[in-house]
Amino acid sequence: MNSVSIKGILLGSLFDLVMTVVIGIVLVFVLTASNGGNADLDVFGRVACLPGGRWLALTVIAGYLAAWIAGRGEMINGTLCAVFTTAIMIPMMAGQSLPWPMTIIVILCILTPLFGLLGGYLRWRRVKGS
């Protein structure tokens, strides 16, 4: 447990959540503008159905960031960052109409920590290579 950094995990998760919201808002504006300025539910549905849902690439970056902030235990901190983010997102999805079948949502929830692990691994490789 000595290699776990609460600060790294929290800041990595915060980055992941904030950037997901910011990119979602920007995409809604872009899709609304390309739709002639008409903001309808179809625009929001298209944003929600973009590949990866939460843009799993952001999770890789968040895992890397968590590992960098921690300065130790890169892979565990990257993974725990993604687990924490997923734990926050699951209650946020409760009661919402989901853009995919529940099977896809479960698969994404399983994959998300693996993408955080990848971010931690990339940071570990960078540190190891120095």
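Values reported hereafter were calculated over all heavy atoms of this structure, with side chains retained and with hydrogens, waters and symmetry mates removed.
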Residues passing the side-chain hydrogen bond (donor to acceptor under 3.5 Å, both in side chains) test with Thr79, sequence neighbours excluded, are none

List for me each residue that meets side chain to side chain contact (heavy atoms under 4.5 Å, CB included) alongside Phe115, sequence neighbours excluded, and say none if there are none. Leu56, Thr59, Val60, Leu111

How many angstroms lie between CG in Leu122 and CH2 in Trp68, if you round to the nearest 0.5 Å? 15.5 Å

When you measure from the side chain of Asn77 to the backbone N and O of Ser3, does any donor-acceptor pair fall under 3.5 Å? yes

Beyond-backbone contact of Ile90 with Cys109, side-chain heavy atoms, under 4.5 angstrom: yes

With sequence neighbours left out, write down each residue that passes ring pair (Phe, Tyr, Trp, His ring centres under 6.0 Å) with Tyr121, or none if nothing qualifies. Trp124

Min side-chain heavy-atom separation Leu17-Met89 under 4.5 Å: yes

Test your reading of the model: is there a side-chain donor-acceptor pair from Arg72 to the backbone of Val4, 3.5 Å cut-off? yes

Would you mind reporting whether Arg126 and Tyr64 have side-chain heavy atoms less than 4.5 Å apart? yes

Tightest non-hydrogen contact, residues Pro113 and Thr86, listed as CD-OG1, 4.4 Å

To the closest 0.5 Å, what do you measure between CG (Leu108) and OG1 (Thr103)? 11.0 Å

Nearest 0.5 angstrom please: Leu118 CG to Met75 CE, how far? 11.0 Å

Could you tell me the separation between the CD1 atom of Ile9 and the CG atom of Leu65, rounded to the nearest 0.5 Å? 12.0 Å

Please name the pair of heavy atoms, one in Ser5 and one in Ala70, separated by the smallest distance, quoted to 0.1 Å. CB-CB, 3.4 Å

Heavy-atom closest pair, residues Pro91 and Ile88: CD-O, 3.3 Å

So do the side chains of Leu58 and Ile23 get within less than 4.5 Å of each other, counting heavy atoms only? yes

Which value, rounded to the nearest 0.5 Å, describes the distance between Cys81 atom SG and Leu117 atom CG? 11.5 Å

Indicate if Met19 and Ile69 have the same hydrophobic cluster label, given that clusters are the connected sets of ILVMFWY residues with side-chain heavy-atom separations under 4.5 angstrom. yes

